[in-house]
Amino acid sequence: MSRSLRRGALAATAIVFSIAALSACGAGNDAQTLGIRPDNAAVTVDDVKIQNALVITQQTPGVKGPAAVSATLFNNGRAPQTLESVSLPGSSAQVALKPAEGSGPIVVPAGGSVVIGGEGNASATIENGHEAVKNGDSQKVVFKFSKTGDVTIQAFVVPADSYFEGFGPSLVPAPPSATPSATASAGEGGHGTESGAEHGTEGAPEGSASPTAGH
């Protein structure tokens, strides 16, 4: 076999193996993985399904402030279910729940769904989120429902940036820069100089002590 034919055979073999490898990765161990799946975490327990669960931190890394849990809750049952609590095992974080309108619990209607996170939706705010979670981690989150009980899911921790900007926690204002403080200090120094000048000027008439000193 000529050298050129040998190279062509090797290249064709490499392409076949590459296609086979990609096909295996796409299908996984279960052919059902070829079906459409959400980009983020999802889990189903009894009548409850949780989809697209995320923990979203402040937009600016390192800024202290609350974080937020974002998810879509589905109730495939015939009776409504109340979301009693959301917790982060392994941390002391407190999660405050608030419905989309008014006050009271978050209720997922029978055969319906509720979105947590985003403008006009229900919210789950992690009050000390900057201490409880870290960007890039996978955080265990437990949703407790009135009928189904605990539903646990692993949620990615991401900053409120790009696609997640509208679903994150309320933004904490950045601390003021040192420039205004320096300006204020300079202003205070100037005031002190003027004050000293004023006192020096006022002190001149009282300087009758000078002739006394000459005497």
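Residue numbers count from 1 along this sequence.
- Counting heavy atoms from C-beta outward, Thr82 and Ile106 have side chains that stay 4.5 Å or more apart.
- We find the CG-CD distance between Asp46 and Gln81 to be 8.5 Å, quoted to the nearest 0.5 Å.
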Report task. Apply the test side-chain contact (heavy atoms from CB on, under 4.5 Å) to residues Phe145 and Ile50: give CA-CA distance (whole Å), side-chain angles for both, the deciding distance (0.1 Å), then the verdict. Result -> CA-CA 11 Å; Phe145 293 88; Ile50 301 176; 4.1 Å; yes
Distance-only donor-acceptor pairs under 3.5 Å for side chains of residues 68-75, two or more places apart:
from, atom 1, to, atom 2, distance (Å)
Ser70, OG, Ile116, O, 3.2
Asn75, OD1, Gly77, N, 2.9
Asn75, ND2, Ala79, O, 2.8
Asn75, ND2, Val108, O, 3.2
Asn75, ND2, Pro109, O, 3.3

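- In this structure the side chain of Pro66 never reaches within 4.5 angstrom of the side chain of Ile126, judged on heavy atoms.
- Considering NZ of Lys147 and CD of Glu84, their distance stands at 10.5 Å, rounded to 0.5 Å.
- Taken from CG in Asn121 to OG in Ser123, the straight-line distance is 9.5 Å, to the nearest 0.5 Å.
- Under the 4.5 Å side-chain heavy-atom criterion for ILVMFWY residues, a single connected hydrophobic cluster contains both Val141 and Val45.
- Taken to the nearest 0.5 Å, the CD atom of Glu131 stands 7.5 Å off from the NZ atom of Lys64.
- Val115 and Val43 are not part of a single hydrophobic cluster, where members link through side-chain heavy atoms under 4.5 Å apart.
- Distance OG/Ser138 to CD1/Ile153: 9.5 Å, rounded to 0.5 Å.
- When atom types are taken as modelled, the side chain of Gln59 and the backbone of Ala160 share a donor-acceptor pair closer than 3.5 angstrom.
- In plain terms, the two heavy atoms of Pro159 and Thr57 that are nearest each other are CA-OG1, 3.3 Å.
- Residues Val55 and Phe156 form no side-chain contact, since every pair of their non-hydrogen atoms from C-beta on lies 4.5 Å or further apart.
- The side-chain contact (heavy atoms from CB on, under 4.5 Å) test applied to Thr152 returns Lys140, Val142, not counting sequence neighbours.
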Can I get a per-line list of side-chain donor-acceptor pairs under 3.5 Å for residues 90-102, giving both atom names and the distance, sequence neighbours left out?
from, atom 1, to, atom 2, distance (Å)
Ser91, OG, Leu88, O, 2.9
Ser91, OG, Ala93, N, 3.4

